[in-house]
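What you see is a predicted model; the values in this text were computed from it and never measured. The first residue of the sequence shown is numbered 1, and numbering continues consecutively from there.
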Amino acid sequence: FEADRWRLVLMDRASGERRVLTDSFDRWVGEYCWSPDSRKIYFNSMDNGHRALFSLDISNGKIKKLLARGNNGSPTVTPDGKNIVIARRGFDFPHSIWRIRTNGDDLERLTHFNREAYEDIEMNSAEDVRYEGAAGATIQAFLIKPPGFDPEKTYPAIMMIHGGPQSAFIDAWYTNWNMQTFAAAGYVLFIPNFHGSDGFGQEFVNAISEDWGGKCYEDILKGFDYLAALPYVDGSRIGAAGASYGGYMVNWIAGNTDRFACLVSMAGAFNLVSKYGVTEELWFPEWDLGGTPYDNPEGYDKWSPHKYAGNFKTPCLVVHGERDYRVPVGEGLQMVTALQRQGVPSKLLYFPDEGHWILKPRNNRFYYELFLGWMDSSLKE
């Protein structure tokens, strides 16, 4: 299963004996590298909304967190064993090369690519917040305020819903879901890591399987309550947007609540049975929805947004690419048909040359313009 807990295992090449080094570490081990003296391994792992950097002592299995915040990738130890070089990014700075001591001290940025393009742009760092979600669980979320933020004013807000679903939004610079671009248009951004998100323990990851519209949906609604209660947020002007599983969740929201003022659904499943028949990834829905649609039709029907399409009322922009083989384009077409035939304000943004994500620069720019125009039409006018 793609969302099993990834562990680090040491194998003696002569004897073949294997020793699990991270059995007590309830996170996924990501990229790793050896220290020059082979006494330690340095690795990154999703942890509470960040891709943190850790060290592991081979002799006693002790794990130490060296760097907690940001997205820290490609760790490489310098030949003298004193420094780790990483590729790092955050919500408020793009990919760049950094250095940190192997003991976790003296973090230093080494490169400033495209500095002239962004050094005069005001960007706010993400605030790390917590609220109570489904089943009493503590849900972590990021909050990003717009440039020039004035706490005496009230702002419209957008809740961003991640894909996966066994994934998470992390403190990182994204290309086609760039939070600073959305915030710069005058929005407060709320970015929750609901049940199913990784970086909060494997039990939390597994909680979403066969429960696609359950606890995670409750987490989102409780996140809406948290967001709407902030003194600088106008609770009547909150939109939601998501892609992949996030697009599915937007479709689910459209049929199950009218609390959001507008929606953006990108690459989202609408009919779980039809999606099963055309996706290139069959093992995953069979695992996550409890079998095939033929031997477990109830599991598909229970969580399929199309079952609730008669409740659609909220304006919705649907975005889909023709070359999307994970969630093929018919899902987006079905969603927009259901909206249009019921007279719900809606648009379809269709890219014949894109796949599951909108990646080409010119397409990406057009997508941002239409996305923000759509949000503005409901949340500002």
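For Tyr217 and Trp212, the ring centers sit 6.0 Å or farther from each other. The aromatic ring centroids of Tyr155 and Phe149 lie less than 6.0 Å from each other. For an aromatic pair to be called close, the ring centres must be under 6.0 Å apart, and Tyr308 with Trp252 satisfies this. Taking the centre of each ring, Phe142 and Phe169 stay at or above the 6.0 Å mark. Ring centroids of Phe93 and Trp98 are separated by less than 6.0 Å, placing the two rings close together. If you look at Tyr368 and Phe371, their ring centroids are not closer than 6.0 Å. Two rings, from His356 and Tyr325, have their centers 6.0 Å or more apart. Checked against a 6.0 Å centroid threshold, the rings of Phe43 and Phe54 count as neighbours. The aromatic ring centroids of Phe224 and Phe260 lie less than 6.0 Å from each other.
With hydrogens and angles left out, the side-chain atoms of Tyr276 and Asn271 include no donor and acceptor closer than 3.5 Å.
Both tests do not hold together for Arg5 against Trp28: distance to the six-membered ring centre under 6.0 Å, angle to the ring axis within 45°.
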Could you go through His162 and Phe194, starting from their C-alpha distance and side-chain angles, then the distance that decides it, and tell me whether this counts as ring pair (Phe, Tyr, Trp, His ring centres under 6.0 Å)? CA-CA 9 Å; His162 71 68; Phe194 41 81; 4.3 Å; yes
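Residues Leu370 and Met266 fall within the same hydrophobic cluster, defined by Ile, Leu, Val, Met, Phe, Trp and Tyr side chains chained together at heavy-atom separations under 4.5 Å.
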